[in-house]
Each structure stands twice: as C-alpha cells, then as structure tokens.
Novice: 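One structure is given below, represented as structure tokens, and several questions about it will come after.
We're numbering straight along the sequence, starting at 1.
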Amino acid sequence: MRRPTWPIAVVALLVAAGAAWLLGGGSGPKPAARQAVSGPYTVQFSAEQPRIGGNTFAVAVTGPAPESVTVAPVMAQMGHALPPVPAAPDGPGRFRAADVGLPMAGQWEITVSLRGPGGPAQVVFPLLVK
C-alpha cells in the first residue's frame with residue numbers, strides 16, 4: 001500500500017520552518033543591550049542593529065539624574081576614536097544619541113560619560129558592528 005507523500009512533505013516543511021524561526025530568534029534582530037554600574041549610576045546601553053553609518057544609541061540611567069550624557073565610539077584595533085556625541089533627553093532617566101556615525105565594521109567600544117549630582121562617571125560597552 002502506497003502512502004501519499006505530499007502530506008509528509010508539508011509537515012516536514014512546517015517543522016523545518018518552525019525550527020529555523022526558533023533558532024533564528026523569531027522576530028528579527030534584537031537590540032544589543034548591556035548594563036553596567038559606575039558610582040551611584042546604573043547605566044543601560046542599547047543599539048538596534050549596529051551598522052556602518054548612522055546609528056541611534058539609547059541610554060537609560062537610574063540613580064541621580066545626570067545633567068549631561070555623551071557617547072564616544074572607539075575602535076582600538078584600528079586606532080579610531082570619534083568625538084563624543086551628546087545624548088538628548090528622551091524621558092525621565094532616558095537619553096538618545098542619534099546619527100552616531102561608525103565608519104567600519106568590527107568591534108567598537110562605546111564610552112558613555114555622565115555628569116550630574118552623583119559626580120562624573122564613565123562606563124564602556126562593547127559593540128559589534130556588522
């Protein structure tokens with residue numbers, strides 16, 4: 001007795017698609033997010049789809065409200081150090097640095113600098129640009 005092969009093929013295709021979706025993360029690229037503590041500040045840094053060209057970085061700060069926040073990209077392996085970019089307030093404890101240009105792919109370090117009533121602080125976050 002011969003079994004129909006198309007239902008088995010359809011089930012196999014659905015299983016393969018589901019596995020690819022689960023292993024690939026499901027809903028597309030997720031932001032690169034990291035958290036660090038410096039002095040009285042807890043800083044969370046995130047970047048959606050880091051890429052060559054303009055990037056937007058989000059910084060969330062808990063602790064004393066900083067008066068200013070900057071982000072400064074450095075690619076130590078290639079000797080690149082870009083000028084600090086001010087991050088604008090984006091709600092209570094939240095800041096956004098827009099159009100931060102990264103000229104090449106590779107491993108970057110993003111230094112987040114804070115100034116405020118808790119004193120100055122810096123945290124460094126790794127960022128892989130593809």
Side-chain angles (χ1 to χ4, degrees):
M1 173 181 226
R2 189 159 177 218
R3 294 184 182 180
T5 57
W6 70 268
I8 295 170
V10 169
V11 169
L13 183 61
L14 289 173
V15 168
W21 183 80
L22 287 173
L23 293 174
S27 61
K30 298 202 175 8
R34 302 260 194 281
Q35 182 172 307
V37 175
S38 180
Y41 304 104
T42 299
V43 181
Q44 182 176 7
F45 170 84
S46 64
E48 286 205 30
Q49 301 177 26
R51 63 187 173 278
I52 296 171
N55 290 271
T56 298
F57 299 148
V59 178
V61 180
T62 55
E67 296 161 0
S68 70
V69 175
T70 60
V71 298
V74 172
M75 183 182 236
Q77 302 90 329
M78 301 301 288
H80 296 308
L82 304 177
V85 176
D90 194 33
R94 304 181 76 72
F95 299 85
R96 185 165 303 277
D99 204 26
V100 180
L102 301 177
M104 67 187 314
Q107 187 65 48
W108 287 83
E109 293 178 345
I110 309 299
T111 300
V112 177
S113 299
L114 309 165
R115 282 189 308 139
Q122 285 188 332
V123 290
V124 179
F125 296 98
L127 183 70
L128 181 61
V129 175
K130 295 183 179 182

Novice: Is there a side-chain contact between P126 and Q107 (heavy atoms, below 4.5 Å)?
Specialist: yes
Novice: Hey, what do you get for CD (E48) to CZ (F57), rounding to the nearest 0.5 Å?
Specialist: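 Nearest 0.5 Å value for the CD-CZ distance: 12.0 Å.
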Novice: Contact between P103 and M75 at the side-chain level, heavy atoms closer than 4.5 Å - yes or no?
Specialist: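 No, side chains not in contact.
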Novice: Quick one: CZ on F45 to CG on L127, what's the gap to the nearest 0.5 Å?
Specialist: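 Atom-to-atom, F45:CZ and L127:CG are 5.5 Å apart.
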Novice: Working to the nearest 0.5 angstrom, can you tell me the gap between E109 CD and H80 NE2?
Specialist: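 These two atoms lie 13.5 Å from each other.
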Novice: Are more than 12 heavy atoms, taken from residues, nucleotides or ligands other than R115, located less than 6.0 Å from that residue's CZ atom?
Specialist: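 Counting other residues, nucleotides and ligands, CZ of R115 stays at 12 neighbours or fewer.
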Novice: Quick check for you: to the nearest 0.5 Å, what is the distance between F95 atom CZ and L114 atom CG?
Specialist: 8.0 Å
Novice: Is V74 linked to M78 within one hydrophobic cluster, defined over Ile, Leu, Val, Met, Phe, Trp and Tyr using a side-chain heavy-atom separation of less than 4.5 Å?
Specialist: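 Different clusters.
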Novice: Membership question, hydrophobic clusters at under 4.5 Å side-chain separation (ILVMFWY): are V124 and V61 in the same one?
Specialist: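 Cluster IDs for V61 and V124 differ.
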Novice: V112 versus V69: any side-chain heavy-atom pair under 4.5 Å?
Specialist: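 Touching, per the 4.5 Å side-chain cut-off.
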Novice: Can a donor-acceptor pair be found, under 3.5 Å and without considering hydrogens, that links the side chain of N55 to the backbone of G53?
Specialist: yes
Novice: Does any part of the side chain of P73, heavy atoms only, come nearer than 4.5 Å to the side chain of V100, both counted from C-beta?
Specialist: yes
Novice: Nearest heavy-atom pair of V85 and A98: which atoms, and what distance?
Specialist: CG1-O, 4.3 Å
Novice: Could you tell me if the side chain of F125 sits less than 4.5 Å from the side chain of V43, heavy atoms only?
Specialist: yes
Novice: Could you pull out the closest heavy-atom pair between R51 and V129, with the gap in Å?
Specialist: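 That would be C-CG1, 3.4 Å.
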Novice: Is the side chain of Y41 donor-acceptor paired with the backbone N or O of Q122 at a distance under 3.5 Å, no angle test?
Specialist: no
Novice: With the side chain counted from C-beta on, respond yes when T42 and Q35 share a heavy-atom pair under 4.5 Å apart, and no when they do not.
Specialist: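 T42 reaches Q35 side chain to side chain.
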Novice: Quick one: CD1 on I52 to NZ on K130, what's the gap to the nearest 0.5 Å?
Specialist: 12.5 Å
Novice: Restricting to non-hydrogen atoms, name the atom on P117 and the atom on P64 that form the minimum distance, rounded to 0.1 Å.
Specialist: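 Closest approach of P117 to P64: CG-CB, 3.9 Å.
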Novice: Considering all heavy atoms of both residues, which atom of P40 and which atom of G118 are nearest to each other, and what is their separation?
Specialist: CG-O, 3.6 Å
Novice: Measuring from atom CG of D90 to atom OG1 of T56, what distance do you get when rounded to the nearest 0.5 angstrom?
Specialist: 10.0 Å
